[in-house]
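Hydrogens, waters and symmetry mates are skipped; everything else that's a heavy atom, side chains included, is used. Everything numeric here is computed off the predicted structure, so don't read it as measured data.
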Amino acid sequence: MTAPSHPLRQNARILAASLVGTAVEFYDFYIYATAAALVIGPLFFPAQAPEAQVLLSFMTFGLAFFARPVGAIAFGHFGDRVGRKSTLVASLMLMGGSTMLIALLPTYAMAGPVAPALLCLLRFGQGFGLGGEWGGASLLAVENAPKGWEARFGAAPQLGAPLGFLFANGLFLILGMTLPEAAFASWGWRVPFLASAVLVLLGLWVRLKIGETAAFRAAQEAAPPPKVPVGRLMADHPGAVLAGIAGVVACFAIFYLATTFALSFATTKLGYAKQEFLAVQLAANFFLAAGIALAGWWADKRGPAAVLRVGAGLTALVGLVFGVGLGSGHLPLVFATLALALFVMGLVYGPLGAWLPTLYAVPVRYTGISIAFNVGGIIGGALAPFAAQALAQRGGTASVGLFLTVAGAVTLAGVVFAPKPAR
């Protein structure tokens with residue numbers, strides 16, 4: 001008699017389909033975040049004070065976060081009514097298409113105010129598509145997971161984050177090392193946006209070959225889907241929506257402080273060379289992957305809520321030393337600070353794929369986790385660069401991490417006061 005295959009091997013295509021979409025998500029968002037820190041301001045906005053250009057650049061970065069909840073409601077509607085697979089394919093096409101079109105945009109010198117207007121439109125498209133991506137990818141993994149493997153399967157989409165970060169950061173590093181500054185500012189920054197086509201095509205190829213999840217099929221057979229999933233969600237799970245939003249805040253805050261803000265601040269205020277700091281971030285990224293892998297294994301042993309509580313508490317503590325380490329002027333200490341922050345991010349990001357679905361019933365689950373993840377992203381991610389820059393201006397580099405301390409406390413409260421798991 002043939003022994004049953006290992007769960008990871010048996011579900012390899014499903015896990016790959018959930019991982020690749022999140023890899024595209026973080027690749028797309030991080031290449032824009034890096035471009036926003038380095039070139040978007042001078043290229044797409046009129047010549048003003050450098051601080052104003054940086055601020056406007058970060059505003060376009062934050063715009064996509066505000067589009068994400070809109071996309072979460074729209075894609076959640078179809079994900080709960082039509083199915084996980086087809087909704088995921090549509091979100092990936094919109095997200096990837098918007099990213100590739102950014103590569104073809106004219107600059108302000110070429111088209112005047114039309115240039116930033118088109119940039120904002122495509123950033124909205126990026127965010128709208130992303131609004132339905134993570135929730136569907138997580139459900140694809142978790143709703144197909146064998147008993148006792150939910151957290152490890154739910155960590156698969158999260159591992160797409162360091163993978164996408166690795167591709168994006170690595171490509172920018174190669175471009176920075178091989179191109180003069182003038183060539184990078186002229187056309188080199190466009191290459192990563194065009195290269196996203198490869199990841200998008202790979203994601204479509206994998207996703208078109210998978211079926212629907214068993215949990216969704218069972219829910220469809222048991223009762224008709226809700227006509228307006230977001231209405232049913234708010235009526236049946238209002239406390240879970242708030243808890244889910246709070247539970248997401250810490251992972252976004254850490255990621256965008258340790259990547260987007262740190263890169264901009266280090267290369268403009270602290271005097272580090274772009275390639276040097278990108279290399280430091282690239283090395284620290286491996287600690288994010290390690291944290292996610294540990295969190296997935298640990299959460300299957302102790303429960304995702306328990307791991308998330310530990311990660312939230314550590315986030316608050318990291319916030320007390322983050323600014324001091326970043327501004328230390330000693331590169332090994334800067335690396336240690338970023339590596340610690342990203343490892344702790346793994347502990348608050350890794351369990352989310354298994355924890356959030358427990359808060360919502362299957363017929364509204366896609367909508368519920370998508371709204372929680374993306375509204376939490378506004379609080380933790382879109383506000384992080386602004387809050388950190390404001391704290392740095394008022395209290396110096398040492399106070400930058402206080403936003404992490406607050407974010408960790410918010411996530412801890414969300415997990416502690418979350419309603420009991422939904423049936």
Considering non-hydrogen atoms only, spot the tightest contact between [X] and [Y] and give its length.
X: V241; Y: Y360; answer: CA-OH, 3.6 Å
X: L338; Y: A262; answer: CD2-CB, 4.3 Å
X: L308; Y: V348; answer: CD1-O, 3.2 Å
X: I369; Y: G135; answer: CD1-O, 3.3 Å
X: D28; Y: I31; answer: O-CG1, 3.2 Å
X: M345; Y: I254; answer: CB-CG2, 3.6 Å

Non-hydrogen side-chain atoms of [X] and [Y] separated by less than 4.5 Å:
X: I14; Y: F153; answer: no
X: L140; Y: L88; answer: yes
X: L288; Y: I292; answer: yes
X: S196; Y: V24; answer: no
X: T99; Y: Y27; answer: no
X: L331; Y: Y272; answer: yes
X: L118; Y: L101; answer: no
X: D80; Y: P225; answer: no

Output the distance between atom [atom1] ([X]) and atom [atom2] ([Y]), rounded to the nearest 0.5 Å.
X: L104; Y: F193; atom1: CG; atom2: CZ; answer: 11.0 Å
X: K274; Y: T268; atom1: NZ; atom2: OG1; answer: 13.5 Å
X: F78; Y: S91; atom1: CZ; atom2: OG; answer: 12.5 Å
X: H77; Y: I73; atom1: NE2; atom2: CD1; answer: 11.5 Å
X: K269; Y: L326; atom1: NZ; atom2: CG; answer: 13.5 Å
X: T367; Y: M234; atom1: OG1; atom2: CE; answer: 9.0 Å

Please indicate whether M59 has more than 12 foreign heavy atoms, meaning atoms of other residues, nucleotides or ligands, lying under 6.0 Å from its CE. no
Donor-acceptor under 3.5 Å ([X] side chain, [Y] main chain):
X: T22; Y: G160; value: no
X: N169; Y: F165; value: no
X: T411; Y: A246; value: yes
X: N144; Y: T213; value: no
X: T87; Y: G79; value: yes
X: E150; Y: A299; value: no
X: S328; Y: G325; value: yes
X: S370; Y: G76; value: no
X: S264; Y: F261; value: no
X: R217; Y: E212; value: yes

Got a salt bridge between K85 and E143, using NZ or NE/NH1/NH2 to carboxylate O under 4.0 Å? no
Six-ring centre of W187, R190 cation under 6.0 angstrom, axis tolerance 45°: no
Assess the side chains of Q126 and R123: does a donor N or O sit below 3.5 Å from an acceptor N or O? yes
Among R68, R84, R207, salt bridge (Lys or Arg N to Asp or Glu O under 4.0 Å) partner for E133: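 Result: among R68, R84, R207, R207 is the only option passing the salt bridge (Lys or Arg N to Asp or Glu O under 4.0 Å) with E133.
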Taking the six-membered ring for Trp, is the centroid-to-centroid distance between F128 and F75 below 6.0 Å?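 Judged by ring-centre distance (under 6.0 Å), F128 and F75 do meet the cut-off.
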Could you tell me how the ring of F373 sits relative to the ring of W134: parallel (under 30°), tilted (30 to 60°) or perpendicular (over 60°)? parallel
Run Y256 and F65 through ring pair (Phe, Tyr, Trp, His ring centres under 6.0 Å) and show every step you take. CA-CA 12 Å; Y256 287 107; F65 281 95; 5.4 Å; yes
